[in-house]
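Computed from a predicted structure; not experimentally measured.
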Protein chains: 2
Amino acid sequence: MAGTGAMMGAMFGAETGKLLDRAARTCDRNGSRLTDIRRHVLGLVLDSDRPVGAYDLLDRLRQSHKGAAPPTVYRALDFLQEQGLIHKVERLSAFVGCVQDDRGHDHAHHDHKVQFLICSVCQRTVEIDEPRIADALEAAAARHGFVPRRSTIELEGLCADCVAEADRAEQAREPG
Amino acid sequence: MAGTGAMMGAMFGAETGKLLDRAARTCDRNGSRLTDIRRHVLGLVLDSDRPVGAYDLLDRLRQSHKGAAPPTVYRALDFLQEQGLIHKVERLSAFVGCVQDDRGHDHAHHDHKVQFLICSVCQRTVEIDEPRIADALEAAAARHGFVPRRSTIELEGLCADCVAEADRAEQAREPG
DNA sequence: AGTATCGACGTTATAGTATAACAGCTCGGC
DNA sequence: GCCGAGCTGTTATACTATAACGTCGATACT
């Protein structure tokens, strides 16, 4: 019986496990509690290779937490967003993990400077971090006397893989 | 009985009326039909000084179109977005008008290069058009082999008016 | 130990946003 | 007149999110 927290870790792969441990340390530093449910939800998000919707998470969470209901998962998601451990992709109403380096840059600042590239075909979403984009937006805002708080910068289109795939399909139809 | 279309125009103010006529010409040029319902929904959006939700529009639409249901308004909204006559503000799940100059710049291009400043307090939302922001985002996308289609660039914060209001309230509490 | 408090969670109900599916109608071209 | 395409009517339902209230357990202070 070497601690239930450690048992939870075993439910995810090694890679995810490392990230979860890192997240736990982040929460410790913030004086907040990464409970079993929160840790589990974070694990589910991290284990996915694309953004996950709240009700998808709920279905998966129920496999281990029978009593889980929508508020269960939304509360966990709210917490994880506050900790900067996940982000919401607005266009998809779905969530992606964002576990930084331990000594990673200031999250409070980082949090509203993130950008996403969202593939319309495969839904895979990558986070990019080009401060100049958010900076340009904030500069424009300042010219309107606008005080910024949170930005949503998302670009929907085709990822490199799906472009290549589409090209291949095109070639097949018109081999000349 | 001088045409029902003209009668519809009378339901909105002069300013909105002009924009509606302009929108009608845009649709003509595109070979698409600005029907009564679509025109009415566009008028309601244009008449509001802040973004309007679909079900708000539905309530208002029902005052003249008794049988209107959610699909009625969503269809109109889809059409108007395709025509570039309105935009959706993702953070609010609400819609704002965007009727350009008659000889306005290319809409297909414009459409995915728009940015919004959204006030958390009063909800008023202004559209800004800083090509450099969208350009920077697309340049970053290109470096990932990503082919862009539509961007969502929204900044939530406090508009100049609400900042001033907040300052005044602050002064009142601490007059020193 | 007693107890006040606070944060997390359980549970039920409901609000808010959006679309599926199919039927009927109208308008313009033939 | 008839056909086809596009627009609308209608019903039902899916999906996303939160309100409201009760319980429980850990913590800290007495």
Side-chain angles (χ1 to χ4, degrees), chain A residues 3-5 8 24 27-28 30-42 44-45 51-83 85-96 123 152 154, chain B residues 3-5 8 24 27-28 30-42 44-45 51-83 85-96 123 152 154:
Chain A
T4 58
M8 294 277 318
C27 289
D28 272 356
N30 295 353
S32 55
R33 296 167 49 200
L34 188 63
T35 63
D36 272 2
I37 287 180
R38 291 165 175 176
R39 182 185 173 91
H40 201 120
V41 169
L42 177 57
L44 291 171
V45 172
V52 203
Y55 281 73
D56 276 358
L57 289 169
L58 179 56
D59 287 344
R60 298 181 201 177
L61 184 62
R62 275 184 167 144
Q63 292 171 12
S64 54
H65 292 73
K66 296 298 167 61
T72 313
V73 69
Y74 278 104
R75 283 168 185 152
L77 291 169
D78 286 347
F79 172 85
L80 295 169
Q81 282 181 274
E82 278 163 18
Q83 300 298 311
L85 296 169
I86 64 173
H87 291 304
K88 181 175 181 182
V89 183
E90 299 283 344
R91 285 199 87 85
L92 303 177
S93 292
F95 301 84
V96 293
Q123 257 67 60
T152 302
E154 299 178 355
Chain B
T4 57
M8 295 277 319
C27 289
D28 272 355
N30 295 353
S32 54
R33 295 168 49 198
L34 188 62
T35 63
D36 272 2
I37 288 180
R38 291 165 175 177
R39 182 186 174 91
H40 200 122
V41 169
L42 178 57
L44 291 169
V45 172
V52 203
Y55 280 74
D56 278 357
L57 289 170
L58 178 56
D59 288 344
R60 298 180 202 177
L61 184 62
R62 276 184 167 144
Q63 291 170 12
S64 54
H65 292 71
K66 295 299 167 58
T72 313
V73 69
Y74 278 104
R75 284 167 186 155
L77 291 170
D78 286 348
F79 171 86
L80 295 169
Q81 283 181 273
E82 278 163 18
Q83 301 298 310
L85 295 169
I86 64 174
H87 290 304
K88 181 174 180 182
V89 183
E90 299 284 342
R91 284 201 87 86
L92 303 176
S93 293
F95 301 84
V96 293
Q123 256 69 58
T152 301
E154 299 178 354

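- For the pair A:Leu92 CG and D:dC15 C1', the computed distance is 14 Å after rounding to whole Å.
- Taking the side chain of B:Ile37 as heavy atoms from C-beta on, and the options D:dA17, C:dT12, D:dT8, the nearest nucleotide is D:dT8.
- Listed for the B:Glu90 side chain is no donor-acceptor partner under 3.5 Å among the backbone atoms of B:Thr152.
- The heavy-atom pair separating A:Phe95 from A:Val45 by the smallest distance is O-CG1, 3.9 Å.
- Side chain of B:Arg62 to backbone of B:Ala68: a donor-acceptor contact under 3.5 angstrom is found.
- A donor-acceptor contact under 3.5 Å is formed by the side chain of A:Tyr55 with the base of D:dA17.
- Spacing between atom CG of A:Leu57 and atom P of D:dA17 amounts to 11 Å, rounded to whole angstrom units.
- In this structure, of D:dT18, D:dT16, C:dA20, it is C:dA20 that holds the atom nearest to the side chain of B:Pro71.
- Going from atom CG of B:Asp78 over to atom C1' of C:dT19 covers 10 Å, rounded to whole Å.
- In this structure, CG of A:Asp59 is placed 13 Å from C1' of D:dT16, rounded to the nearest angstrom.
- At least one side-chain heavy atom of B:Asp78 sits less than 4.5 Å from a side-chain heavy atom of B:Gln81.
- Atom CZ in A:Arg91 sits roughly 17 Å away from atom C1' in D:dT16 (whole-Å rounding).
- In this structure, B:Thr35 reaches the D:dT8 phosphate: one of its side-chain N or O atoms is under 4.0 Å from OP1 or OP2.
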Stepwise side chain to side chain donor-acceptor pair (under 3.5 Å) check, B:Gln83 with B:Ser32: CA-CA 9 Å; B:Gln83 301 298 310; B:Ser32 54; 3.0 Å; yes
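- Side-chain contact between A:Thr72 and A:Leu61 is present, with at least one heavy-atom pair separated by less than 4.5 Å.
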Are there any protein N/O atoms within less than 3.5 Å of an N/O atom in nucleotides 21-28 of chain D, and if so, which ones and at what distance?
none

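- Within the 4.0 angstrom heavy-atom criterion, only backbone atoms of the sugar-phosphate kind lie near A:Lys88; the bases stay farther away.
- Rounded to a whole Å, the CZ atom of B:Arg39 is 17 Å from the P atom of D:dC7.
- When the P atom of C:dA8 is taken as reference, atom CG of A:Asp36 falls 14 Å away, rounded to whole Å.
- Contact of B:Tyr74 with C:dA20 (side chain to base): no donor-acceptor pair of N or O atoms is detected under 3.5 Å.
- Distance B:Glu90 CD to D:dA17 C1': 16 Å, rounded to the nearest Å.
- Residues B:Leu80 and B:Leu34 form a side-chain contact, since some pair of their non-hydrogen atoms from C-beta on lies under 4.5 Å apart.
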